[in-house]
*Asks:* 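Pasting in a structure now, in structure tokens, and then I'll have a few things to ask.
Read the numbers this way: they start at 1 and go in the same order the structure lists the ligands and their atoms.
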Amino acid sequence: MQDGFLERIAACGVVPVVTVPDAETAVPVAQALLDGGIDVIELTLRTEAGVRAIAAIARSCPDMLVIAGTVLHPAQFAAVRDAGALASVSPGFSEALHEAAEAAGMPWLPGVATASDVMRAVGCGRTNLKFFPAELAGGVAMLRALSGPFPDTRFCPTGGVTSANLGDYLSVPSVMCVGGTWLAPAKAVTDRDWAVIRDEARTARLAVDAVRGR
Ligand SMILES: O=C[C@H](O)COP(=O)(O)O
Ligand SMILES: CC(=O)C(=O)O
């Protein structure tokens with residue numbers, strides 16, 4: 001399952017990070033992303049609605065790969081798996097979360113920001129990582145530097161990534177995809193302005209395809 005998930009996010013190239021105020025908002029956001037050519041969504045657990053939003057998308061948008069974001073507590077892996085998430089993401093790494101993800105059978109991208117973080121994650125066999133917060137943690141230069149001692153790691157940089165710099169990140173060989181909130185800005189979500197989200201998705205789709213020569 002992990003391999004399928006990794007192939008899907010790498011093929012898409014971008015992971016929209018979405019926080020919704022209520023579960024009803026989740027499906028039109030997901031549909032707008034799909035309309036713009038993006039078939040991956042990371043629903044954060046930053047609001048009470050997170051788990052129900054994951055369930056709503058899993059039920060209504062079968063073409064969408066649903067990832068649970070901001071997983072901070074071990075028990076959340078089973079909760080989001082049961083809601084229909086196919087993978088999960090955390091801003092950081094801990095051995096407790098690593099073990100809980102394994103126990104729940106959930107693909108998991110833990111977050112790392114330093115060489116020490118990478119060493120702990122790799123020590124547990126985790127080589128597919130979120131680089132967070134990417135811009136503040138050193139951006140493209142830091143990712144290139146980490147690839148020296150850790151040639152087998154692959155990253156999803158997130159945090160400060162936008163349509164303006166996604167090409168720089170995707171050009172780094174260790175980067176499988178990038179993530180961020182710019183595709184579904186909070187204002188567009190609260191204004192229910194699905195056209196803004198669809199257009200951001202379309203722009204990102206074209207940018208990823210251009211970087212990859214498609
Ligand atoms: O994982 C999500 C981060 O909070 C990214 O936020 P950002 O894209 O607005 O920098
Ligand atoms: C930031 C991040 O990785 C998350 O919210 O899952």
*Asks:* Any chance the side chains of Thr19 and Thr44 put a donor and an acceptor closer than 3.5 Å?
*Replies:* yes
*Asks:* Is there a heavy atom in Thr44 that sits closer than 4.0 Å to ligand 2?
*Replies:*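 Judged by the 4.0 Å heavy-atom criterion, Thr44 does not count as contacting ligand 2.
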*Asks:* Could you measure the distance from the CG atom of Leu166 to the OG1 atom of Thr203? Nearest 0.5 Å is fine.
*Replies:* 10.0 Å
*Asks:* If the cut-off is 4.0 Å to any non-hydrogen atom of Val89, which atoms of ligand 2 fall inside it?
*Replies:* 3 (O), 6 (O)
*Asks:* Could you tell me which atoms of ligand 2, counted from 1 in the order shown, lie closer than 4.0 angstrom to a heavy atom of Glu42?
*Replies:* 4 (C), 6 (O)
*Asks:* Using 30° and 60° as the class limits, which term best fits the ring planes of Phe77 and Trp108: parallel, tilted or perpendicular?
*Replies:* perpendicular
*Asks:* Taking only heavy atoms of Phe132, which atoms of ligand 2 are found under 4.0 Å from at least one of them?
*Replies:*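 Going through ligand 2 atom by atom, the ones under 4.0 Å from Phe132 are 1 (C).
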*Asks:* I need the atoms of ligand 2 closer than 4.0 Å to a non-hydrogen atom of Ser90, numbered in the order shown.
*Replies:* 3 (O), 6 (O)
*Asks:* May I ask you to check if ligand 2 and Arg46 share an N or O to N or O distance below 3.5 Å?
*Replies:*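 Yes, since at least one N or O of Arg46 sits under 3.5 Å from an N or O of ligand 2.
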*Asks:* So how far is it from Asp39 CG to Cys61 SG, rounded to the nearest 0.5 Å?
*Replies:* 11.0 Å
*Asks:* Going from CE on Met64 to SG on Cys12, what distance comes out if it is rounded to the nearest 0.5 angstrom?
*Replies:*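 Taking CE in Met64 and SG in Cys12, the distance rounds to 8.0 Å.
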*Asks:* To the nearest 0.5 angstrom, please state how far the CG atom of Asn165 sits from the CG atom of Leu170.
*Replies:*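 Between Asn165 CG and Leu170 CG, I get 9.5 Å after rounding to 0.5 Å.
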*Asks:* Please list the nearest protein heavy atom to atom 6 (O) of ligand 2 with its residue and the distance rounded to 0.1 Å.
*Replies:* Thr70 N, 2.6 Å
*Asks:* Which residue supplies the protein heavy atom nearest to atom 2 (C) of ligand 2, what is that atom called, and how far is it?
*Replies:* Lys130 NZ, 3.2 Å
*Asks:* Hey, which atoms in ligand 2 end up nearer than 4.0 Å to a heavy atom of Gly69?
*Replies:* 6 (O)
*Asks:* Taking atom types as modelled and ignoring hydrogens, do the side chains of Asp22 and Thr25 form a donor-acceptor contact shorter than 3.5 angstrom?
*Replies:* yes
*Asks:* Should the proximity of Pro133 to ligand 2, defined as any heavy atom under 4.0 Å, be assigned to the side chain, the backbone, both, or neither?
*Replies:*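 Answer for Pro133: neither.
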*Asks:* Do you see a donor-acceptor pair shorter than 3.5 Å between the side chains of Ser147 and Ser174?
*Replies:*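 Short answer, yes.
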*Asks:* Would you find more than 12 non-hydrogen atoms of other residues, nucleotides or ligands less than 6.0 Å from Glu102 atom CD?
*Replies:*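 Count over threshold, so yes.
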*Asks:* At a 4.0 Å cut-off, with the gap strictly under it, does some heavy atom of Gly111 reach an atom of ligand 2?
*Replies:*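 No.
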*Asks:* Give the C-alpha distance, both sets of side-chain angles, the deciding distance and a yes or no for side-chain contact (heavy atoms from CB on, under 4.5 Å) between Trp182 and Val14.
*Replies:* CA-CA 11 Å; Trp182 89 93; Val14 292; 4.1 Å; yes
*Asks:* For ligand 1, would you mind listing the residues that have at least one heavy atom less than 4.0 Å away, ordered by chain and number?
*Replies:* Val17, Arg46, Lys130, Phe132, Thr158, Gly159, Gly160, Gly180, Thr181
*Asks:* So which atom in Ala53 and which in Leu43 form the shortest heavy-atom distance, rounded to 0.1 Å?
*Replies:* CB-CD1, 3.7 Å
